[in-house]
Amino acid sequence: MVEVVNVVASGSLGVELDLEAIAGDLDDIVDYDSDKYPGAYFRFGDSAPLITLYRTGKYIVTGASSEEEAHTARGEFLNILTDHGILPSAEDEWFRVQNYVCMSEVGEKLNLSALAIGLGLEVTEYEPEQFPGLVFRPSEHDCVLLVFGSGKVIITGATSIRAADEAFDSLRKHVADLFS
DNA sequence: TAACTAGCTTCTTATATAACAATGCATG
DNA sequence: CATGCATTGTTATATAAGAAGCTAGTTA
């Protein structure tokens with residue numbers, strides 16, 4: 001099993017927006033500086049996900065620890081926009097999770113040099129002087145795994161929890177075959 | 001010279017290393 | 001009171017994805 005630690009999702013309001021006016025109106029929750037970055041940041045609380053809104057009406061949600069939390073943040077975001085008359089209604093827009101960042105562990109300490117050879121040098125990168133984790137890009141899974149000597153594993157780039165689960169499972173099987 | 005492409009910026013999150021800064025405490 | 005060592009804290013390293021906008025480089 002993998003634990004979701006971060007969810008990145010995106011959607012579109014379908015309308016062009018005046019971010020300067022919105023930032024002025026929602027001064028307490030919106031942070032916008034076009035010289036620094038073209039997106040306007042919406043923060044709903046300290047540990048809540050961050051929503052970045054763009055001129056085009058497209059937006060991204062980052063920092064949610066579940067898909068539900070991402071949806072909740074999006075709902076709050078849409079409500080505030082409709083309440084302030086920025087949006088006529090919150091319908092007819094798409095919203096999709098683009099990236100799941102997950103964490104898990106294999107339950108034993110790992111020799112990463114041996115693991116790199118075992119998994120195959122063409123699908124792994126391990127340069128401990130540059131970064132302590134081994135980068136594993138399994139050819140049969142569409143995500144990337146960072147494997148550490150402690151046995152902890154980060155799975156990122158997955159578009160579903162199932163994909164992350166499957167990728168971690170295959171890593172675990174490789175580890176079991178190699179070190180037993 | 002114009003159009004296009006590629007790469008970088010911002011942000012989030014776990015993970016683990018080294019290198020560095022800054023501070024605390026003890027000993028001479 | 002000054003120096004040395006230890007601890008704590010911050011930053012960098014690397015990963016993925018979305019977004020818009022800027023710059024740099026290439027090509028027609």
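Order of the sequence lines sets the chain letters (A, B, ...), proteins ahead of strands, with each chain counted from 1. Values below: all heavy atoms of this structure, side chains included; hydrogens, waters and symmetry mates excluded.
Partners of A/E69 under the side chain to side chain donor-acceptor pair (under 3.5 Å) rule, at least two apart in sequence or in another chain, are A/S65. Qualifying ring-ring contact (aromatic ring centres under 6.0 Å, His included) partners for A/F77, counting only residues two or more places apart in sequence or in other chains: A/F42, A/Y59. Among residues two or more places apart in sequence or in another chain, the salt bridge (charged side-chain N to carboxylate O under 4.0 Å, His left out) test is passed with A/E67 by none. Among residues two or more places apart in sequence or in another chain, the salt bridge (charged side-chain N to carboxylate O under 4.0 Å, His left out) test is passed with A/K173 by A/D169.
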- Might you work through the side-chain contact (heavy atoms from CB on, under 4.5 Å) test for A/F95 and A/S12, ending with a clear yes or no? CA-CA 7 Å; A/F95 185 67; A/S12 177; over 6 Å; no
Intermediate values then yes/no, side-chain contact (heavy atoms from CB on, under 4.5 Å), A/L146 and A/V153: CA-CA 6 Å; A/L146 305 179; A/V153 180; over 6 Å; no
Note to self: Applying side-chain contact (heavy atoms from CB on, under 4.5 Å) to A/L81 and A/L13, what does each step give before you reach the verdict?
What the structure shows: CA-CA 10 Å; A/L81 293 180; A/L13 303 175; 3.7 Å; yes
- Show the numbers, then the answer: is there a side-chain contact (heavy atoms from CB on, under 4.5 Å) between A/N6 and A/Y100? CA-CA 6 Å; A/N6 184 26; A/Y100 280 100; over 6 Å; no
Side-chain donor-acceptor distances from residues 117-140 of chain A under 3.5 Å, at least two apart:
| unit_1 | atom_1 | unit_2 | atom_2 | d |
| --- | --- | --- | --- | --- |
| A/T124 | OG1 | A/A116 | O | 3.4 |
| A/T124 | OG1 | A/G120 | O | 3.0 |
| A/E125 | OE2 | A/R137 | NE | 3.3 |
| A/E127 | OE1 | A/Q130 | NE2 | 2.9 |

Side-chain atoms of residues 19-39 of chain A: list all donor-acceptor pairs with protein atoms under 3.5 Å, sequence neighbours left out, distances to 0.1 Å.
| unit_1 | atom_1 | unit_2 | atom_2 | d |
| --- | --- | --- | --- | --- |
| A/D33 | OD1 | A/D35 | N | 3.2 |
| A/Y37 | OH | A/Y54 | OH | 3.0 |

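Each end of the helix from B/dT1-C/dA28 to B/dG28-C/dC1 gets its own axis, taken as the rotation carrying the C1' atoms of four end pairs onto the next four within a five-pair window, and the two axes meet at 60° to the nearest 10 degrees.
For residues 152-180 of chain A, no residue pair satisfies the ring pair (Phe, Tyr, Trp, His ring centres under 6.0 Å) rule, not counting sequence neighbours.
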Below 3.5 Å between N/O atoms, which protein atoms pair up with nucleotides 7-10 of chain C? Just atom names and distances, please.
none

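Separating the OH atom of A/Y32 from the P atom of B/dT10 is a distance of 16 Å, rounded to the nearest angstrom. Atoms CD1 (A/I155) and P (B/dA14) sit 14 Å apart, rounded to a whole Å.
For the pair A/D142 and A/T159, the minimum side-chain heavy-atom distance is 4.5 Å or more.
Interatomic distance, CD1 of A/I154 versus OG of A/S104, reported as 9.5 Å (0.5 Å rounding). Distance check: A/E108 CD to A/S150 OG gives 11.5 Å after rounding to the nearest 0.5 Å. The distance from the CZ atom of A/R96 to the OG atom of A/S10 is 7.0 Å, given to the nearest 0.5 Å.
For the segment residues 107-119 of chain A, the set of residues with a heavy atom within less than 4.0 Å of an atom of DNA chain C is empty. Residues from residues 16-28 of chain A lying near DNA chain B, meaning a heavy-atom separation below 4.0 Å, are absent.
Where A/A64 and A/V153 each meet DNA chain B at their nearest nucleotide, the meeting point lying more 5' is that of A/A64.
A/S150 comes within contact range of the sugar-phosphate backbone alone, with a heavy-atom separation under 4.0 Å but no base atom that close.
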Per-nucleotide protein contact along nucleotides 13-23 of chain C, 5' to 3', at a 4.0 Å heavy-atom cut-off (B base, S sugar-phosphate only, - neither), is BBBBBBBBS--
